[in-house]
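Given the structure is predicted, the values throughout are model-derived calculations rather than measurements.
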Amino acid sequence: MKKLLFLSIVMLCAYVSYAQNNLTLSVKNKEDKSPLPGATVVIEIPRKSAIADSSGRVTIENLPDGSYVVIVSFVGFKDEKITITLPQADAAGNEVLLEHDEEGHEDEEEVVVTSTRISRTIANTPTRTEVISGEELEEKSNMKPGDIRMMLNESTGIQTQQTSATSFNSGIRIQGLDGRYTQMLRDGYPLYSGFSGGLSLLQIAPLDLKQVEVIKGSASTLYGGGAIAGLVNLISKTPGEHRELNFLANGTTAGGLDLSGFYSQRYGKAGITVFASRNSNKAYDPADIGLSAIPKFERYTINPRLFLYGKRTTANFGVTYITEDRTGGSMDYIKNGAPGFFEKNNTDRITTQLDIAHKLSENSTLQLKNSYSRFDRLIAIPDYQFDGLQQSSFSELTWNRSGEKADWVIGANVLTEDLKERKQTDFPLRNYAYITYGVFAQNAWTVSDLLVLETGVRGDYITSYGFELLPRLSAMFKIAPALTTRIGGGYGYKTPTIFTEEAERMQFRDLLPVDVRNAGNERSVGGNWDINYRTSIGAVGVSLNHLFFYTKLRRPLVLITEGDGTIALKNSSGYLDTKGMETNLRFTYGDFKLFVGYTYTDANTHFSGAKEWLPLTARHRLNNVLMYEVEDKWKLGLEAYYYSKQQLSDATSGKPYWITGFMAEKLWETFSLFVNFENFTDTRQTRFGSIYTGAIDNPVFRDIYAPLDGFVVNGGIKLRL
C-alpha cells in the first residue's frame with residue numbers, strides 16, 4: 001500500500017512538472033517594431049503579471065496547460081487583449097504589437113502642435129511644447145470659466161502677475177520674466193500685444209478653445225519679436241464631423257456670473273462656429289478694508305467664424321468683438337458714488353482673422369493669413385486718465401512642404417502697430433508707429449529613428465529700430481521608446497514700447513514717450529534641455545519630464561526717474577538673466593491621476609555691477625494635483641500650490657504661502673454639474689499686512705504677490721446638446 005501511494009505521488013509530480021509552461025512575449029511598437037521596455041503583461045486568471053525588460057521581452061513561468069486571457073499594456077498605447085492556449089509550439093516566440101492610443105486625451109504622442117509652424121505630433125517635434133487640451137482643459141475651465149488666468153497659472157514655470165491691486169489687471173510671466181517678453185497668440189495671430197496686454201488674460205473665456213500650446217524659452221524665430229520668455233498659442237475649435245452645441249452657466253460667492261455658449265457645425269462645403277459670452281462681477285472686498293479685491297465689471301463677447309472647403313482651397317474668416325467696463329477701488333465709491341479712490345478700465349476690442357490655404361500638390365501648401373486689431377481703452381484714476389487707441393495688423397504668406405523625412409515652411413510677414421493717445425493735458429503724447437518686415441525659414445528633419453532636428457532662421461527689419469537676425473536650433477534624441485531628450489536654443493528681441501508691468505501698475509502716469517533716437521531693441525539668447533521618461537511599475541503608469549532653462553536678456557528697458565519727477569524708459573547698460581529647472585511627474589493608477597510639479601527659478605538683474613534678485617519671482621514653487629475620474633460619471637480634483645517668498649520692488653520680501661482647491665463634477669449624457677472650492681484655506685495678501693500706504697483716498701499700493709480674493713466657491717452647469 002505504501003509503495004502504491006509513493007508511486008502515485010511520483011507520477012503526479014511528474015505530470016505536474018510536465019504540465020508547467022513558460023510563456024514568453026515580445027512587446028513591440030506596431031508602427032516601427034521597436035521594443036517597449038516597461039510594458040506590463042497581466043494574466044487575469046490566475047492573477048499573474050510581469051514587466052518587459054530592456055528588449056521588450058517578458059516571461060511568465062509555471063503555467064499549467066490551458067487557455068489564458070492576457071492583457072498587454074504600455075503608457076500611451078492601446079491595451080492589447082489576447083487569448084493563448086498552452087502548451088503551444090511557439091510559446092517562447094509570441095510577438096505582441098501595440099498601437100498608439102489615437103483616442104486618448106492623455107497621450108501626448110498623438111497631440112498635434114501647430115505653434116512650431118510645422119504641424120507634427122509632440123513625439124516628432126524637437127521644440128519642447130506643452131499642451132493643455134481635452135479633459136485637462138475642461139477641468140481647468142471649471143475652476144475659472146470667465147478667463148484663462150488660472151489655466152496658465154497652474155502650469156509649472158508660469159505665473160500670472162497681478163498689476164493692479166483693485167482692478168485685477170494681470171500679465172503672464174514665464175520662467176520669471178516680465179509679461180512683455182511672452183507673446184500671446186490666437187491661432188498663430190498676434191492679437192494681444194502692447195496696450196491690450198494688461199487685460200488680455202482677463203478677457204478670454206475658454207469655452208471655444210480646442211487646446212492651449214505653450215513654448216518656453218526664446219521663440220522669436222517662430223513669430224517675431226516679443227517671444228523672449230516664450231509664447232502661448234490659443235487654438236480655437238473648428239467645425240468637426242458632428243454638430244457641437246455647448247452652454248455654460250457659472251456663479252461665484254464673490255458675486256460673479258459667467259454665461260457662455262458655443263456652436264459648431266459643418267454643412268458640406270461650408271462650416272460655422274459661433275462663440276458668445278457675458279461675464280460680470282460685483283465689487284468684492286473679503287478683507288473688509290474698503291477697497292475692492294475683485295472689481296465691478298461687465299463684459300460681452302461675440303465671435304462668429306465662417307469656414308469654406310474647396311477641393312484644393314480652404315478658407316476661414318472670423319470677427320471678434322469684446323466690450324467691457326471695469327471699475328475697482330473704494331467700495332463706497334463703486335456702490336454709492338461717494339468720493340474715494342477708483343480705477344476704471346473701459347475697453348472696446350475688435351479683431352478680424354482671415355486664413356486662405358491652397359494645396360499646390362499632395363504635400364505642399366500656400367497659405368495667406370491676415371488679421372486686424374482695434375483696441376480702444378480708457379484708464380482713469382482721480383485727477384488723471386490715459387485714453388488711447390491701438391491699431392495693429394498682421395499679414396503673412398507661407399509655403400509649407402511636408403515630406404517623408406523633412407518638413408519645410410518658408411514665409412514672409414508684415415506687422416504694423418500704431419498707438420494714438422487722446423490728448424488730456426499738456427504732457428507729451430505717448431504716440432508711436434512702427435512696421436516690422438520679416439522673412440523666415442524653418443525645417444524639421446527626421447535624420448533617423450533616433451534623431452530629429454529642427455532648424456530655423458528669421459530676419460526682421462523694424463522701422464526706427466533696425467535689423468534683427470534670429471537663428472534657432474533644436475534636436476530630439478529618441479534614446480529608447482520610453483526615453484527621449486530635447487535640447488535647443490535661439491535668439492530673441494523685443495521692440496521698445498511704454499507697455500511694461502511697472503508702467504501698467506502706475507497707469508502710465510508721468511511716463512514719458514520712448515525716445516526713439518536713444519532706445520534700442522532688447523536682445524536675448526537662451527536655451528532649454530529636457531528629459532522625458534515614461535514607464536509602468538506594475539499597474540502604475542509613470543511619466544517624468546525634467547527641464548533645465550537659461551535666458552540672458554541684454555539692454556532691458558528700465559524705469560528711470562528724471563530730475564523733474566517724470567519717468568523715462570531707457571535701456572540699461574547691464575543685463576538680466578533667469579535660470580533654473582522644472583520637474584513634472586505624473587502617476588496614473590486606475591481612475592486616479594497624480595501630478596506633481598516643481599519649479600526652481602533663479603532670476604536676477606545685473607545693473608551697474610550689482611546682482612539683485614528680480615522682483616516678484618518665486619524662487620521655489622510646488623504644484624500638486626490629485627484627480628479621480630470615473631469616465632462619463634465623476635470627476636474629483638484636489639490641488640495644493642506652494643509659492644516661496646518673493647523679492648518686492650521696495651526691497652522687502654513677501655511671505656511664502658499655499659493655495660488649495662477642490663473641484664467636483666457629476667456628468668450625465670447631455671449635461672454636467674460642477675463646483676469648485678478655490679483657495680479654501682483663504683490665503684490672502686491682506687492677511688499678511690496692508691497692501692497700501694498713505695490714506696485710503698489716495699493709496700500707494702505695494703506689489704501684489706499673493707491672492708487678494710481669498711476663498712471663493714464657484715459652481716454651475718454645462719450643457720451638451
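- With a 6.0 Å cutoff to the six-membered ring centre and a 45° limit on the axis angle, Lys369 counts as a cation-pi contact of Tyr189.
- Arg374 pairs in a side chain to side chain contact (heavy atoms under 4.5 Å, CB included) with only one of the listed residues (Arg349, Gln391, Gln390), which is Gln391.
- Ring-centre distance between Phe499 and Phe508: below the 6.0 Å cut-off.
- Summarising the local packing, NZ of Lys579 is surrounded by more than 12 heavy atoms from other residues, nucleotides or ligands at distances under 6.0 Å.
- Side-chain contact between Leu559 and Leu569: present, with at least one pair of heavy atoms (C-beta onward) separated by less than 4.5 Å.
- Looking at Thr301 and Arg278, their side chains never bring a donor and an acceptor atom within 3.5 Å of each other.
- Between the side chain of Glu213 and the backbone N or O of Ser115, at least one donor-acceptor pair lies under 3.5 Å.
- Residues Gln685 and Tyr705 come closest through the heavy atom pair OE1-N, 2.9 Å.
- The closest side-chain heavy-atom distance from Ser170 to Gln162 is below 4.5 Å.
- The minimum heavy-atom distance between Ile158 and Lys216, with the atom names listed, is CG1-CE, 4.0 Å.
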Quick one: do Glu582 and Thr156 satisfy side chain to side chain donor-acceptor pair (under 3.5 Å)? Show the steps, please.
-> CA-CA 7 Å; Glu582 298 176 25; Thr156 55; 3.1 Å; yes
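- Contact record, Arg472 with Thr221: CD-CB, 3.2 Å, taken as the closest heavy-atom pair.
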Take Thr601 and Thr617 through the side chain to side chain donor-acceptor pair (under 3.5 Å) test and state the conclusion after the steps.
-> CA-CA 8 Å; Thr601 306; Thr617 304; over 6 Å; no
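- The only member of Asn346, Thr347, Asn169 that meets side chain to side chain contact (heavy atoms under 4.5 Å, CB included) when paired with Arg326 is Asn169.
- Taking the six-membered ring where the residue is Trp, Tyr657 and Tyr643 present parallel rings, their angle staying beneath 30° rather than reaching 60°.
- At least one side-chain heavy atom of Leu177 sits under 4.5 Å from a side-chain heavy atom of Ile228.
- Asn250 pairs in a side chain to side chain donor-acceptor pair (under 3.5 Å) with only one of the listed residues (Asn142, Asn279, Asn714, Asn676), which is Asn714.
- Between Glu639 and Tyr641, some side-chain heavy-atom pair lies under the 4.5 Å cut-off.
- Residues Pro615 and Ser649 share a closest heavy-atom pair of CB-N, 4.1 Å.
- Other residues, nucleotides and ligands contribute only 12 or fewer heavy atoms inside 6.0 Å of the OH atom of Tyr491.
- The aromatic rings of Phe548 and His546 stand perpendicular to each other, their planes meeting at an angle above 60°, with 30° marking the opposite boundary.
- When every heavy atom of Leu557 is checked against every heavy atom of Glu522, the shortest pair comes out as N-OE1, 3.0 Å.
- Ion pairing between a basic and an acidic side chain is recognised when a charged N comes within 4.0 Å of a carboxylate O; Glu421 and Arg377 show no such pairing.
- Taking the side chain as every heavy atom from C-beta outward, Gln161 and Gln159 approach each other to under 4.5 Å.
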What's the verdict on side chain to side chain donor-acceptor pair (under 3.5 Å) for Tyr223 and Asn413, showing C-alpha distance, side-chain angles and the deciding distance?
-> CA-CA 9 Å; Tyr223 293 95; Asn413 53 33; over 6 Å; no
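- Taking every heavy atom of both residues into account, Gly492 and Ser220 meet most closely at CA-OG, 3.5 Å.
- Considering only heavy atoms from C-beta on, Thr327 stays 4.5 Å or farther from Glu343 through its side chain.
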Please report the C-alpha distance between Glu468 and Arg523 in whole Å, then the side-chain angles of each, then the deciding distance to 0.1 Å, and finally whether the salt bridge (Lys or Arg N to Asp or Glu O under 4.0 Å) criterion is met.
-> CA-CA 9 Å; Glu468 297 288 341; Arg523 293 174 179 156; 2.9 Å; yes
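- Arg180 places a side-chain heavy atom less than 4.5 Å from the side chain of Glu502.
- Using the six-membered ring where Trp is involved, His620 and Tyr598 have ring planes that are parallel, under 30° apart on the 30 and 60° scheme.
- Taking the ring axis of Tyr575 as reference, the NZ or CZ atom of Lys552 stays within 45° of it and closer than 6.0 Å to the ring centre.
- Cation-pi geometry between Arg149 and Phe168 is met: under 6.0 angstrom from the ring centre, within 45 degrees of the axis.
- A side-chain donor-acceptor contact under 3.5 Å links Asn571 to the backbone of Arg555.
- In terms of modelled atom types and a separation under 3.5 Å, the side chain of Asp418 and the main chain of Tyr434 share no donor-acceptor contact.
- Surrounding NZ of Lys645 are at most 12 heavy atoms belonging to other residues, nucleotides or ligands under 6.0 Å away.
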Is there a side chain to side chain contact (heavy atoms under 4.5 Å, CB included) between Ile235 and Leu209 once you walk through the steps?
-> CA-CA 6 Å; Ile235 309 299; Leu209 294 181; over 6 Å; no
I would like to know whether Ser236 and Asp187 meet side chain to side chain donor-acceptor pair (under 3.5 Å); could you show each step before the answer?
-> CA-CA 7 Å; Ser236 305; Asp187 302 313; 2.8 Å; yes
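- The closest side-chain donor-acceptor pair between Gln183 and Tyr181, if any, does not fall under 3.5 angstrom.
- Geometric assessment of Arg486 against the ring of Trp529 yields a negative cation-pi assignment under the 6.0 Å and 45° thresholds.
- In summary, the aromatic rings of Phe375 and Phe195 are positioned with their centroids under 6.0 Å apart.
- Contact check for Leu547 versus Gln175: side-chain heavy atoms found under the 4.5 Å cut-off.
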